[in-house]
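Letters A, B, ... are given to chains in the order of the sequence lines, protein chains preceding strands, and every chain is numbered from 1.
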There are 2 protein chains.
Amino acid sequence: MTRSSNLIEVAKAAGVSNMTVSRVINNSGNVSEKTRQKVLKAIKELNYQPNLIARSLARKKTNILGLVVYTEKGVHPAFYNEIINGVQKGASELGYDLLVFANREDQSYSDRITHSSFVDGVIFMGVKINQHDIRNVHEKGFPYVFIGKREIEGIQPYFISPDYVKGTRMATEHLIELGHTKIGFIGQSRIIEPDYDKLLGYQEALFKHHVVYNPQLVFEESQTQLDGYNAMKELLKQKPTAVIINNTYATIGATTAIKEAGLQIPEDISVIGFDDNQELNEQFNDFIGLELSTIRIPKVELGKEAAKMAISLLEGNETPKANFIDLHFMKNSSCKKL
Amino acid sequence: MTRSSNLIEVAKAAGVSNMTVSRVINNSGNVSEKTRQKVLKAIKELNYQPNLIARSLARKKTNILGLVVYTEKGVHPAFYNEIINGVQKGASELGYDLLVFANREDQSYSDRITHSSFVDGVIFMGVKINQHDIRNVHEKGFPYVFIGKREIEGIQPYFISPDYVKGTRMATEHLIELGHTKIGFIGQSRIIEPDYDKLLGYQEALFKHHVVYNPQLVFEESQTQLDGYNAMKELLKQKPTAVIINNTYATIGATTAIKEAGLQIPEDISVIGFDDNQELNEQFNDFIGLELSTIRIPKVELGKEAAKMAISLLEGNETPKANFIDLHFMKNSSCKKL
DNA sequence: AAATATTATGTTAGCGTTAACATAATAATA
DNA sequence: TATTATTATGTTAACGCTAACATAATATTT
């Protein structure tokens, strides 16, 4: 492999000292325009690029942000991918690279992260976050941020989270404003925080508009097409005029059940889903020839904000502990006025 | 943040020289058992972990493998994710970490990769690989490996690829052995290499068994449910007894068309798909109550092998230029003897 | 013009590790 | 026991960069 030149060679070629070159490549300190040009010329001629490893060692800072993704079944990879995309962008805008630790089930990363000196700070994402990791970074005072709101064993992390409560509340209110009162909800959960929050938003909206909460319209957590299908079949017995479904797969199943029952969307029943899997959502819309109204999580923005938050933290700036991101309600063609 | 100790502090604590500590942590050279224990004790007491940045600078080697994923629509993220998982594992087994560059559309990575000194070698994956990147690493003699077979502008890369030709040939032969001769093929493409190869395998099997190739049974590239649905509707006019579909989404669409036509799988028609998206596949199987026979790409193995290949290359070992991975035919319940 | 401020450049040491060589201690051989 | 091989340890100088300080060259003020 062709060896790349170093800063000292550039300095020699330009007839200046190493520090002058350093100042030029870092745009720091004062360098006269004349010398700057000389140095830039030498850099170009030698095809020089700074050695990031050496720089990191000298600065005691890598400008690399770590992102740990605890993958699991059920939550679609695409969901994470978009967020990762956003984190990447946010980090990049602030001059950071991203090192993603993922795809290793149930593994602990924090020792490597806090010790290896490869990352300046870390973002944790995923449902099954390794407890040891949290405790470890926390005790070491290593800068970390959560994506997803939580509180673990008394530790209050810096976190950023989609505002599921508000998002679902707004969607439900939309249905209520259209005249619906018999609104089904598929996806209750006492374990999964986002699903829990969604139900909460649903309930808040009902309460605010004096619609009586009817537990018979609410169905257990659903992750798969089959779950959604079965839940919807049961729900239809209650003759709801609208339904909110917590998950793309379940929405597909539920929609199938609606079709099988000979009902039309939105004529006979209004449907609102969540776009946790946008690709699948689009595919599905395309297939059934309908634009489902969805509650959209701005995943890229979420990731960006997470990166900014983590970097603010690791750079020692004052950083708010909690950060909620608004969801967007996509008012498409699957809801109708009663 | 709590500062972590360094090698010299460990050396002092153990009453030995820095090199002795270095030898202990690297398991290299000769160290007497007595001193080794002393050093290990000091390491434990000081909670020491080597600084990887410093080590990389000294060794001029990071033991980090780069993986560039050129993402795009159409190919499901989950597909890549499993491969990444495999690369991670393979790298890990050989003492390497993985730095994934991805999620930045149409971006060129190679300058950063070849210059930053952060990675020792790189794997490229994805359909729309950046031409400049290839040329760049190639000209610099930087070690690189492709996932997916190709030849770009006269450059013959080291590559690893699923053997789509063989896999599809075997699946087709299976159908022929079951007595099928009117076998449809959905997913022809002259652009996408894997799809091209799949058709080739299909044709080879027909040829080998003296079944006449009928272009009317072959349909254009299909990526979406709708594509698969439409293609299948057309294909059914030819009354095929079996069909091979190149893609999970298309398979779902095609299956829907079969059902709508009032046909049963496998009684009326045998179906073989590809499991490029295993999660969706499972969900779908679950939903239609059928275990689709699929041609499975061993993605984790593929990734592992890619890592081994790249590392072998960058360590200067003799490495074969091409490496084909066998596909697995999952003989489930969607094929029937004629 | 002298004194001071400002800008431009240079020098040196150190970041934490390992490579390369040097030396000391022990074991094996003559 | 002296000589040689082997094993165990140490010393020093990189790796390529930047921080911190020092100095030189200008520009600005009095």
Side-chain angles (χ1 to χ4, degrees), chain A residues 1-40 42-43 46-64 95 112 114-120, chain B residues 1-40 42-43 46-64 95 112 114-120:
Chain A
M1 217 190 96
T2 51
R3 201 188 72 82
S4 49
S5 48
N6 66 21
L7 188 145
I8 292 175
E9 289 166 3
V10 173
K12 271 191 192 138
V16 298
S17 78
N18 51 355
M19 264 326 278
T20 301
V21 177
S22 178
R23 286 185 185 106
V24 170
I25 59 179
N26 290 299
N27 253 313
S28 67
N30 295 315
V31 181
S32 75
E33 194 49 35
K34 216 178 86 192
T35 22
R36 158 167 277 111
Q37 290 308 330
K38 263 197 306 188
V39 171
L40 288 176
I43 286 174
L46 293 173
N47 189 27
Y48 168 77
Q49 295 235 164
N51 181 316
L52 264 34
I53 297 283
R55 172 179 288 172
S56 298
L57 183 60
R59 284 191 184 159
K60 296 179 143 205
K61 184 162 184 304
T62 56
N63 266 41
I64 294 182
R112 295 222 338 280
T114 58
H115 269 101
S116 71
S117 315
F118 256 112
V119 301
D120 299 330
Chain B
M1 218 190 94
T2 50
R3 200 188 73 82
S4 49
S5 47
N6 66 21
L7 189 144
I8 293 175
E9 289 166 2
V10 173
K12 270 190 193 138
V16 297
S17 77
N18 51 354
M19 264 325 279
T20 301
V21 177
S22 179
R23 285 183 187 108
V24 170
I25 60 181
N26 291 298
N27 252 312
S28 67
N30 294 316
V31 181
S32 74
E33 193 48 36
K34 217 178 85 192
T35 22
R36 157 166 280 112
Q37 290 308 329
K38 265 198 305 189
V39 171
L40 288 176
I43 286 174
L46 293 172
N47 191 24
Y48 167 78
Q49 295 236 165
N51 181 316
L52 265 35
I53 297 284
R55 171 180 288 172
S56 297
L57 182 60
R59 284 193 186 156
K60 296 181 143 205
K61 183 160 185 306
T62 57
N63 266 42
I64 294 182
R112 296 222 336 282
T114 57
H115 269 101
S116 71
S117 316
F118 256 113
V119 301
D120 299 330

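Across B:Ala14 and B:Lys38, no two heavy atoms sit closer than the pair O-CD, 3.8 Å.
Separation of atoms CG (B:Leu46) and NZ (B:Lys12) is listed at 11.5 Å; rounding is to 0.5 Å. If you take OG on A:Ser17 and CG on A:Leu7, they are separated by 9.0 Å, rounding to the nearest 0.5 Å. From B:Leu52, atom CG reaches atom CG of B:Asn63 across 8.5 Å, with rounding to the nearest 0.5 Å.
Residue A:Asn6 is classed as a sugar-phosphate contact, given heavy-atom separations below 4.0 Å to backbone atoms only. Across all strands shown, A:Asn30 has heavy atoms under 4.0 Å from base atoms, whether or not it also approaches the sugar-phosphate. Within the nucleic acid shown, B:Asn26 comes within 4.0 Å of sugar-phosphate atoms alone, with no base atom in reach, counting heavy atoms only. Residue contacts shown for B:Ser56 are absent, as no nucleic acid heavy atom lies under 4.0 Å away. Heavy atoms of B:Ile8 sit under 4.0 angstrom from at least one base atom.
Atom NZ in A:Lys61 sits roughly 19 Å away from atom P in C:dC15 (whole-Å rounding). One atom, CG of A:Asn51, and another, P of C:dC15, lie 18 Å apart when rounded to the nearest Å. One interatomic measurement links the two molecules: CE of A:Met19 to C1' of C:dG14, which rounds to 13 Å at whole-angstrom precision. Spacing between atom CZ of B:Arg23 and atom P of C:dA20 amounts to 13 Å, rounded to whole angstrom units. For the pair A:Asn18 CG and C:dC15 C1', the computed distance is 15 Å after rounding to whole Å. The interatomic distance linking A:Leu57 (CG) with C:dA13 (P) rounds to 18 Å, in whole Å.
Judged by distance alone, with hydrogens and angles left aside, the side-chain atoms of B:Thr62 form no donor-acceptor pair with the main-chain N or O of B:Ser56 at under 3.5 Å. Side chain of B:Glu9 to main chain of B:Asn6: a donor-acceptor pair is present (N/O by atom type, distance under 3.5 Å, no hydrogens or angles).
Between B:Ala54 and B:Ser32, the residue whose closest nucleotide on DNA chain D is further toward the 5' end is B:Ser32. Remark on DNA chain C: of its neighbouring residues A:Arg36 and B:Arg59, the 5'-side contact belongs to A:Arg36, judged by nearest-heavy-atom nucleotide.
Put simply, the residue from A:Thr20, A:Asn27, A:Val16 that forms a side chain to side chain contact (heavy atoms under 4.5 Å, CB included) with A:Arg36 is A:Asn27.
Extent of DNA chain D lying under 4.0 Å from chain A heavy atoms, first and last nucleotide in 5' to 3' order, is D:dG16 to D:dA20.
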